[in-house]
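All values derive from a computational prediction rather than experimental measurement.
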Amino acid sequence: MNDENEPILIGQSEDIDQGSVENFEHEEIDYAIYHLNSDFFATQGHCFCEEQAFLSEGTIDGEELECASCGRTFSIVSGDSISDPETKPLKVYDVDEEDGNLYLNL
């Protein structure tokens, strides 16, 4: 059985306020879980900056996230770097909502 393809329960959708980002850890890896007006999204949990800041500590503006440490901005939906095209994109993951539960698809 390949566990990588099975969705991982994040928690209840009501536990993440709209317009916010929460850290989620699974098997010692951090993920950032976002609740935007349009849907739920997930990216890697840390920025590429030297401090490897938690993205859950960043600031959301619409569908963009600003790292609290280095100030780089990224698209939450695509992962693309907005402020510095030379920066590689964030890794993005699918999030599914079913019966009020959120699932991370790795």
Side-chain angles (χ1 to χ4, degrees):
M1 177 183 253
N2 185 354
D3 290 332
E4 288 185 352
N5 293 330
E6 295 194 21
I8 297 146
L9 178 64
I10 297 169
Q12 300 277 318
S13 58
E14 64 188 27
D15 292 339
I16 303 177
D17 293 332
Q18 196 168 41
S20 70
V21 55
E22 299 288 334
N23 191 66
F24 174 73
E25 183 181 332
H26 175 70
E27 295 184 354
E28 298 183 20
I29 298 174
D30 291 299
Y31 302 90
I33 311 298
Y34 309 86
H35 185 182
L36 303 183
N37 291 337
S38 58
D39 209 352
F40 290 92
F41 298 89
T43 66
Q44 66 192 54
H46 296 271
C47 185
F48 298 114
C49 60
E50 187 175 322
E51 294 81 8
Q52 296 210 345
F54 281 99
L55 292 175
S56 60
E57 296 175 357
T59 303
I60 294 177
D61 183 14
E63 293 185 344
E64 296 179 6
L65 174 80
E66 180 179 336
C67 174
S69 182
C70 69
R72 287 185 184 126
T73 55
F74 296 92
S75 166
I76 294 168
V77 177
S78 69
D80 292 336
S81 175
I82 296 167
S83 59
D84 181 5
E86 298 297 314
T87 299
K88 63 183 177 178
L90 297 175
K91 202 167 187 185
V92 296
Y93 303 91
D94 290 329
V95 175
D96 292 323
E97 183 178 12
E98 184 177 315
D99 297 327
N101 291 318
L102 295 176
Y103 296 91
L104 178 63
N105 297 295
L106 300 180

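- Listed by chain and residue number, Asp30, Phe54, Ser56 satisfy the side-chain contact (heavy atoms from CB on, under 4.5 Å) test with Asn23 (two or more places apart in sequence, or in another chain).
- Atom CD of Glu27 has 12 or fewer heavy atoms from other residues, nucleotides or ligands within 6.0 Å.
- In terms of hydrophobic clustering, with Ile, Leu, Val, Met, Phe, Trp and Tyr side chains grouped at heavy-atom distances under 4.5 Å, Val77 and Phe40 are assigned to different clusters.
- For Glu57, there are no side-chain hydrogen bond (donor to acceptor under 3.5 Å, both in side chains) partners two or more places apart in sequence or in a different chain.
- In terms of hydrophobic clustering, with Ile, Leu, Val, Met, Phe, Trp and Tyr side chains grouped at heavy-atom distances under 4.5 Å, Leu36 and Leu102 are assigned to different clusters.
- Using a 4.5 Å heavy-atom cutoff, the side chains of Ser69 and Cys47 are not in contact.
- One distance of note links CD1 of Ile29 with CG of Leu106; it measures 8.0 Å at 0.5 Å rounding.
- Listed by chain and number, the residues in a side-chain contact (heavy atoms from CB on, under 4.5 Å) with Gln18 are His35, Asn37 (sequence neighbours excluded).
- The distance from the CG atom of Asp80 to the OG1 atom of Thr73 is 11.0 Å, given to the nearest 0.5 Å.
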*Given the rule in the side chain to side chain contact (heavy atoms under 4.5 Å, CB included) test, do Glu64 and Ile76 qualify, once you have shown the distances and angles that lead to the verdict?*
CA-CA 5 Å; Glu64 296 179 6; Ile76 294 168; 5.8 Å; no
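- Listed by first and then second residue, the ring pair (Phe, Tyr, Trp, His ring centres under 6.0 Å) pairs involving residues 74-106 are Tyr31-Tyr93 (not counting sequence neighbours).
- Paired with Ile33 under the rule side chain to side chain contact (heavy atoms under 4.5 Å, CB included), one option of Leu55, Asp15, Ile10, Thr43 passes, and it is Ile10.
- With rounding to the nearest 0.5 angstrom, the CD1 atom of Ile82 is 13.5 Å from the CZ atom of Arg72.
- Using a 4.5 Å cut-off on side-chain heavy atoms (C-beta onward), Pro7 and Glu98 make no contact.
- When side chains are defined from C-beta on, Ile16 does not count as touching Tyr34, because their heavy atoms never get closer than 4.5 Å.
- Note: the hydrophobic cluster containing Phe24 does not contain Leu9 (ILVMFWY, side chain heavy atoms under 4.5 Å, direct or indirect links).
- In the hydrophobic clustering (ILVMFWY side chains linked at under 4.5 Å, chained through shared members), Val92 stands by itself.
- Applying the side-chain hydrogen bond (donor to acceptor under 3.5 Å, both in side chains) rule to Ser81 yields no partners; only residues at least two apart in sequence or on another chain are considered.
- For the residue pair Ser20/Asp17, the side-chain donor-acceptor check at 3.5 Å is not satisfied.
- Side-chain contact between Leu104 and His26 is absent, with no heavy-atom pair separated by less than 4.5 Å.
- Put simply, CD on Gln52 and NE2 on His46 are 7.0 Å apart, with the number rounded to the nearest 0.5 Å.
- In the hydrophobic clustering of this structure, Phe41 groups with Val21; members are Ile, Leu, Val, Met, Phe, Trp, Tyr whose side-chain heavy atoms approach within less than 4.5 Å, directly or through other members.
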